[in-house]
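Atom set for the values below is all heavy atoms of this structure, side chains included, hydrogens, waters and symmetry mates excluded. Letters go in sequence order (proteins before strands), and every chain restarts at 1.
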Amino acid sequence: MRLATWNVNSVRARSDRIVEFLKRSDIDVLAMQETKVADAKFPTDPITNLGYEIAHTGLNQWNGVAIASRVGLADVMTQFPGQPGFAEPAVAESRAISAICAGVRIWSLYVPNGRELSDPHYMYKLGWLDKLKDYAAGVLSDDPQAPVALVGDWNIAPLDEDVWDPKLFVGHTHVSQPERQALAALTDTGFSEVTRAHTPGPGTFTYWDYTQLRFPKRQGMRIDLAYASPALAKRVAGAWIDRDERKGKGASDHAPVIVEFE
DNA sequence: ATGACGATTGCGAATCGA
């Protein structure tokens, strides 16, 4: 099974590119983030015409996550258990969706940005990740052999080499110790990140800011990641980043990340 | 070895992203 995760930065603006990517890359399951659309306005036809089923959750123009699958789409969940909302009183956001595709429980995740270390959004981010970790631990507690994938835009660069200039990020989100610790806590449950071994750094990125010629200057961040449960991690045959998808007019600021499972 | 920010709402400027 070939699984891709891609922050598309608006599914409506990216519809043609998504179709071309699915065809070009022979994708079985595509996890999308930042669809930026309410469910009723999701442009399903260009994707379903290719033979995919779609599950989406989007409340408004913010966030929004989806899964498109041509290998089955069963038992859809639109939140993980305990998933926090933002602020007080908590407002639910569309940041997680899941389905079983070809026997694998796949999650498309859009982790909160955090904005600034002093912003309430940052604590929301850490709490959200803590609850996600609890869910992941629970899944493996129930069935240590469960095939589960947690993929998406994590808004965290796990290593200093995952940003083009670590000095510029000191004191900002995406590189802070608590954020990285949150990913370490996830791996402590048994899940592991499966793309890095096949896409080594330094200088390997999945996101490049639209401004300041970041892409041609190769100044990006690695923040789109794929975690797999122990049983699923054993099935990884390869992984790559479709950097070419970031080129040209009408590109998302993120590139797709693809994982091949045996 | 790529190209100077883009999407949404709503019709201009504000918000968000990272």
*asked:* Can you work out whether A/Pro216 or A/Pro112 has the more 5'-proximal nearest nucleotide on DNA chain B?
replied: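 The answer here is A/Pro216.
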
Distance check needed: [N] [atom2] versus [X] [atom1], whole Å only.
X	N	atom1	atom2	answer
A/His174	B/dG17	NE2	C1'	8 Å
A/Trp154	B/dA18	CH2	C1'	18 Å
A/Asn7	B/dC16	CG	C1'	12 Å
A/Lys247	B/dA1	NZ	P	8 Å
A/Asp119	B/dT15	CG	P	14 Å
A/Lys125	B/dC16	NZ	P	16 Å
A/Tyr122	B/dG17	OH	C1'	18 Å
A/Asn113	B/dT15	CG	C1'	13 Å

*Please state whether the rings of A/His254 and A/Tyr207 are parallel, tilted or perpendicular, taking 30° and 60° as the class boundaries.*
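Tilted: the ring planes of A/His254 and A/Tyr207 meet at 30° to 60°.
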
_Heavy atoms from C-beta onward define the side chain here; which of B/dA1, B/dG3, B/dG17 lies closest to that of A/Phe215?_
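Selected nucleotide: B/dG3.
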
*From B/dA18, B/dC16, B/dA1, pick the nucleotide closest to the side chain of A/Arg115?*
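The answer is B/dC16, which lies nearest to the side chain.
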
_B/dA18 to B/dA7 separation - C1' atoms, rounded to the nearest Å_ =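 Going atom to atom, C1' in each nucleotide, I get 15 Å.
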
*Can you tell me how far C1' in B/dT15 sits from the matching atom in B/dG10, rounded to whole Å?*
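Per the computed distance, 13 Å lies between those C1' atoms.
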
*For A/Tyr52, check ring-ring contact (aromatic ring centres under 6.0 Å, His included) against everything at least two apart and list the hits.*
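Here no residue qualifies.
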
*Using the test ring-ring contact (aromatic ring centres under 6.0 Å, His included), find all partners of A/His56 that sit at least two apart in sequence or belong to another chain.*
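By the ring-ring contact (aromatic ring centres under 6.0 Å, His included) rule, A/His56 matches A/Phe42.
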
*If you look at every strand shown and take non-hydrogen atoms under 4.0 Å, does A/Gly114 touch a base, only sugar-phosphate, or nothing?*
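Here A/Gly114 touches no strand at all.
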
*Please work out if A/Asp244 contacts a base, only the sugar-phosphate, or nothing of the nucleic acid, heavy-atom cut-off 4.0 Å.*
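No contact.
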
*Any side-chain hydrogen bond (donor to acceptor under 3.5 Å, both in side chains) pairs touching residues 231-243 of chain A, not counting sequence neighbours?*
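side-chain hydrogen bond (donor to acceptor under 3.5 Å, both in side chains) check on residues 231-243 of chain A returns A/Arg24-A/Asp242.
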
*asked:* Could you see if A/Ile156 belongs to whatever hydrophobic cluster contains A/Phe80? Use Ile, Leu, Val, Met, Phe, Trp, Tyr and a side-chain cutoff under 4.5 Å.
replied: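 Both belong to a single hydrophobic cluster.
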
*asked:* At less than 4.0 Å, is any side-chain N or O atom of A/Arg246 found next to OP1 or OP2 of B/dT2? Yes or no.
replied: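 The answer is no; no side-chain N or O of A/Arg246 sits under 4.0 Å from OP1 or OP2.
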
*Sequence neighbours left out, what pairs pass salt bridge (charged side-chain N to carboxylate O under 4.0 Å, His left out) with at least one residue falling in residues 179-197 of chain A?*
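Of all non-adjacent pairs touching residues 179-197 of chain A, those that pass salt bridge (charged side-chain N to carboxylate O under 4.0 Å, His left out) are A/Lys125-A/Glu179, A/Asp160-A/Arg180, A/Glu161-A/Arg196, A/Asp162-A/Arg196.
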
*Any pair with a residue in residues 47-71 of chain A that passes salt bridge (charged side-chain N to carboxylate O under 4.0 Å, His left out), sequence neighbours left out, goes on the list, sorted by first then second residue, please.*
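Only A/Asp26-A/Arg70, A/Asp28-A/Arg70 qualify under salt bridge (charged side-chain N to carboxylate O under 4.0 Å, His left out).
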
_So if I define the base as every atom that isn't primed, P, OP1 or OP2, how would nucleotides 4-14 of chain B read as a B/S/- string at a heavy-atom cutoff under 4.0 Å?_
SBBSSS-----

